[in-house]
Colleague: 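Okay, here's the structure, questions in a sec.
Here is the naming used below: chain letters follow the sequence lines, and residue numbers restart at 1 for every chain.
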Amino acid sequence: MSQPKLRLREVRKEFAHRGDTFVALADATLDVRPGELLAVVGPSGCGKSTLLDLLGGLTTPSSGEILLDGRPVTGPGLDRGIVFQQYALLPWRTAQGNVELGLEAKGLPRAERRETARRFLDLVGLGGFADRYPHELSGGMKQRVAIARSLAFEPDVLLMDEPFAALDAQTRESLQDELLRIWRATGATIVFITHGIDEAVYLGQRVAVMTSRPGRIKAVVDVDLDVSAPDVRSTDAFGAYRHRIWSLLQDEVVRAQQHELAPREDLAHV
Amino acid sequence: MSDLLLRQRAHARPAEAPAEPAVLVPPRAAHAVRRAGRLAVAVGLRSVAVVAFLLLWEVAPRIGLVDPVFLPPLSEVLATTRDLAASGQLGEHVRASLVRAGSGFGIAVVAAIPLGLLIGWYRTVSTVLSPILEAFRNTAALALLPVFVLVLGIGETSKIALVAFASFFPILLNTISGVRTVDPLLVRSARSLGLSPLRLFQKVILPSAVPTIFTGLRMAGAASVLVLVAAEMIGAQAGLGYLINAAQLNFQIPEMYAGILTISVIGIVVNYVLLAAERRFSRWRA
C-alpha cells in the first residue's frame, strides 16, 4: 500500500475543565489513504468534532501526532479544507465571493480567483447562482457553496463535519450523490464525519467506527458496494454493512447514554 | 443610554438561517400592485399622527386654546422660517451648527471605531480600559460642558469637543458589541483557511461588525445634535442653539420656533441619511 495521505498516531486530546482533566480523544490511530473517501461514524459526544479540529489544525493534540503526507500538522492551512455542518458562509459575500475567500488566502490574482470560483460553482451545480447572497440560497445550496469553497483552493484533504446533518432527507440524499460525483471527478481525499450509519455506509469506501468518550477508533470496516446500482440502500449487501456497523456502535451508544445521564461534567467537548 | 446594551443584544444576528427557503420568483405584476397598495396604507397610517399634530399646532392658537403669543400658529412660524432663510440668517446658523456637529462627529468616528475594534478583539485592552470608559460613559456629556468651556475656552473648540465626547460612546459601545457578536463559526472557518490575524480582521470581523457600528453612528448622530444645541445656548454667536436662545431672550417667539423646527428637521434628515447608509452597507442581511 502506498503511503497514507493522512495518518493519526495515538492522538490524544485532553481538556482541562474546572480543575479536572477530561479526555475527549484517547489514542486514536487511523490511516487515510490517498484518494479515498473515509467515513467516520460514532455516537454523539464521542469526540468527532475534536478529531476534526485536530485534523484541521485548529487545536493541537495533547500527545501523539497527525501526519499529512508524512509531515506533522502544526496548524491550519490550505492543504486541508473544512466543510462545516452550519455552512459557515460569510453572509455579506455572494456565493462567488465566498468561494473566492480561500483563493484570496492562497494569494491568487483577482482574475484567476474569479475564473476558479466560477469553475467550482459550476462543479457543484450552482453556476447560475454566483451572485446570490447566502440568505437567498436554500440550505442545500449553501452547503454546495461551502463545498465549492473548500474544493476551490485544492486542498490535499477535504474534511467534512456532519455536513448534511442540518438538511432534510431528500436534499441530503441528493447531496450525497453529488458528493460522490465530485469525489470521483476530483479524486479528492475526503474524511467525512457523520453520526448517520446509512450515510457512512453509502459514502464511505471505508467506515471508521469510534467508541464513545473517550473517543478511540474501534474498528475500520471496508465497504465494497456499487452505489450506482438503483436504490442500493435497500439491497441485502447494504443492510449487512449497516447491521455490522450498527452492532459495533450499539455498545457505544449505550455507554454514551449513560454518560449523558451522568452529572454534566463534560461540557468541554464543544 | 441605559438601554444601549439591550439594544445591542437585539441587534445580534440570529445564529441560524431558515432551513430551506423557496427560491421562487413570484408573479411580478400582481405583486407590485399589492405592494403599492400596502405602501400607500403604510404611509397613510404613519402620517396620521404627524398631520394631526401639525393641524393642532395651527388651530389651537387660532381658536384661543393657547396664547398665540407663546405659541404662534404653524403657518406663522413657517413664514418666519422662510423670511429667515431668505435673509440668509438661517443658513448661517445652520452652517455654523452643522460644521460643529460634523467636526465633533467626525472626530468621534475616527477615535471610537479603531478603539472599539481593539477593545472588542483584545481581552486585555478591554480589561484595562473598560472601567474608565464605563465611568466616562455614565457621566452626562452636558455635565462636562462647564469643564470643556473652562479648559478649551468659549469658542469652537469646546463645542466640537463636547459633540465628540457625546458621539464617542454610542459608536464605541456598538463597535465593541459588533466585534464581540461575530459568529464564532465564521472565525473558526476563516482560521481553518490559515488567514493571518490581520486578514481575518479585514475579511471577517470588520464586515461582520459593520451593521452594528452603523447603529452606533445613528445614535451618535442624534446625540451630537442634542448636545450641540445645548452648548450653543450657553455661549455662541451663531448656530441654531444660539438662534433659539437669543430669539427667546428678545421675545422673538416665531423666530424661536423657526429655530426649533429647523433643528428637528436636521435631526430627522441626519437620522435618515445614516439609516440609508446603514441599509446600503447591510444589504446582505436577510
Colleague: If you count heavy atoms of other groups shown closer than 6.0 angstrom to CZ of Arg95(B), is the number above 12?
Modeller: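 For Arg95(B), atom CZ is not crowded (no more than 12 foreign heavy atoms under 6.0 Å).
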
Colleague: Assess whether atom CZ of Arg93(A) is packed by more than 12 heavy atoms of other residues, nucleotides or ligands within 6.0 Å.
Modeller: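 Correct, the count exceeds 12.
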
Colleague: Crowded around Arg279(B) CZ? As in, over 12 foreign heavy atoms under 6.0 Å?
Modeller: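 Not more than 12 within 6.0 Å, no.
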
Colleague: What's the shortest heavy-atom distance between Ile82(A) and Ser192(B), and which atoms?
Modeller: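 Shortest heavy-atom separation between Ile82(A) and Ser192(B) comes out as CD1-CB, 3.7 Å.
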
Colleague: Return the CG to CG distance between Leu78(A) and Leu195(B), rounded to the nearest 0.5 Å.
Modeller: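 Nearest 0.5 Å value for the CG-CG distance: 8.0 Å.
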
Colleague: Which pair of heavy atoms, one from Val204(B) and one from Trp92(A), lies closest together, and at what distance?
Modeller: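 For Val204(B) and Trp92(A), the tightest heavy-atom pair comes out as O-CH2, 3.2 Å.
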
Colleague: For Arg191(B), is it the side chain, the backbone, both or neither that has a heavy atom under 4.5 Å from a heavy atom of chain A?
Modeller: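 Interface part for Arg191(B): both.
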
Colleague: Where on Leu159(A) is there a heavy atom nearer than 4.5 Å to chain B: the side chain, the backbone, both, or neither?
Modeller: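 No part of Leu159(A) comes within 4.5 Å of chain B.
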
Colleague: Can you tell me how far apart CG (Leu186(B)) and OH (Tyr87(A)) are? Round to the nearest 0.5 Å.
Modeller: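 So the CG of Leu186(B) and the OH of Tyr87(A) are separated by 13.5 Å.
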
Colleague: Closest approach of Lys203(B) and Leu101(A), non-hydrogen atoms and distance?
Modeller: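 Heavy atoms of Lys203(B) and Leu101(A) come nearest at CD-CD1, 3.9 Å.
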
Colleague: Contact part of Val210(B) toward chain A, heavy-atom cut-off under 4.5 Å: side chain, backbone, both or neither?
Modeller: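 Neither part; nothing is under 4.5 Å.
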
Colleague: What's the spacing between Arg80(A) CZ and Leu193(B) CG if we round to 0.5 Å?
Modeller: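 Interatomic distance, Arg80(A) CZ to Leu193(B) CG, rounded to 0.5 Å: 11.0 Å.
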
